[in-house]
Engineer: 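Structure in structure tokens, see below.
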Amino acid sequence: MYLLLLFKIIFVNAITVKSMSDDYVINNKRFPVDFMFGVATSAYQIEGAWDEDGKGVSIWDHFTHTNSSVIKDKSNGDISCDSYHKIKDDVALLKNLGVNHYRFSIAWTRIIPNGFRGDVNQKGIEYYKTLIKELKDNNIEPLVTLYHWDLPQFLQDLGGFFSDSLSVWFAEYARVCFEAFGEDIKYWVTFNEPKSICNNGYGNGRSAPGIYNPGIGEYICIHNLIKAHAAAYHVYDKEFRDKYHGKVTLVHSVSYCQAKTNSSEDIEAAERNILFNLGWLADPIHFGDYPEVMKNRIAMRSKAEGFIKSRLPEFTEEEKALNRHTSDYFAINSYNSYFGYAIDEPPIVLPPSIDNDTAVGVTFEKAGDGSFGMGKLLLWIKDRYDNPDMIITENGLMTETETLEDDDRISVVRNCLSRFRDVMDEVKLLGYTLWSVMDNFEWTRGYTAKYGIYHVDFNDPNRTRTEKKSGAWYKELIKTRCLTDECVE
Ligand code: IFM
């Protein structure tokens, strides 16, 4: 018995699975039994049924219908995976995978078609109630996002994220959702990836609603979004928390930036990059206000560019107090890591840009598959934000082929998970969510980009789903909780 144990310790500990980056060895410690493994989707990307049962028009309906040339294959989400009509099938698929949780989003336009209260669409409420019930009946925890990029077009016409009224609109919508679904939801997300909403939607204009206003638009958009998040958080806190005991936060998207060299200049530059990316959102919802380095640099450059005030809006003291401590867990979408290095101060040119405000050189050189910074990211978050509970709400790999033999996806996901496992004795990581359960509408890439562990046949009216090799691999991982052939406890 003793010999067997000794053999197991030596042998199992010596088992190594090489990752894509040559000298990294995959972690062979088992994930705890209560670690949550899940998959994610979002409403516009999978539901289809864009105008059914009273749904209103969202900015993505409008954008794809009026600007199809900006979508790589000129497609849209009108039908997409048709998940609106496939609750039973999709939940059966999740059940078969064995996931502990499912992250999906609610389409604001299904609940309040024009964005204002007083106009609640019962069919929309019923749809999500049915989905949530089906998940609960199958022991799958719903993790629900209120906003995954699909603003009612009606609200966009009133200014969208540029409007001071955003927080009023959003808090009302959130209240309707908390009221309707709160009893069954433990994990809420207000906004998914604010930086993508604002940089692409209101800065460089590449995504809906397509507003080009770089170096100004993103900052105003994020400013209003933070206030809207805080407003919804306080609605939950005051009216629902005692009854339902859920947790509310917003989802950050971030790639860890590691200093390219050990020089103090590169270290400072890499830190600044993370603060401009993650700190921009995370500092206000934890501490009340933007990072000092952002306030100082944007004010300095705005002045040199001839602006009367900083392009970065200011929070009042009252707003700072409302923003502070509005995150019950830290939700992270991360797909990559890169290296950062110091560069000269960029010239003062118009239009301004967030890149020039940040002033950090970045390179993917020698970055391997980009998983190398995942553990470091969690340690960075732990140090800055007082060791919060964390959930990886998205991670995965994009490919551009129809193949079911997606070994590259397995490799990248395994590497990332291993990096997370490496630091799990030091941080409070509660779960991991793979993007995505199935191929779906990937925004301006249309259906040309694949993230699914299930293939969807978009030429088949039935939208048949077929398990990929990564799906089988993920299923096995959830069962064994082990990234290697054998694991130590
Ligand atoms: O598909 C997107 C998702 O909507 C938000 N996070 C990144 C994913 C992959 O690009």
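Start at 1 and go down the list; that is how both ligands and their atoms are numbered.
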Engineer: Got a salt bridge between Glu402 and Lys450, using NZ or NE/NH1/NH2 to carboxylate O under 4.0 Å?
Structural biologist: yes
Engineer: Mind listing the closest non-hydrogen atom pair of Leu97 and Ile478 along with its distance?
Structural biologist: O-CD1, 3.6 Å
Engineer: Who's touching ligand 1 if we go heavy atoms under 4.0 Å?
Structural biologist: Gln45, His148, Trp149, Asn192, Glu193, Tyr335, Glu394, Trp435, Glu442, Trp443, Tyr451
Engineer: Ring centres under 6.0 Å, that's the criterion: do Tyr147 and Phe161 meet it?
Structural biologist: yes
Engineer: For the pair Lys55 and Asp61, find out whether any cationic side-chain nitrogen is under 4.0 Å from an anionic carboxylate oxygen.
Structural biologist: yes
Engineer: Quick check: are there more than 12 heavy atoms from other residues, nucleotides or ligands sitting under 6.0 Å from NZ of Lys123?
Structural biologist: no
Engineer: For the ring pair Tyr432 and Phe35, is the centre-to-centre distance below 6.0 Å?
Structural biologist: no
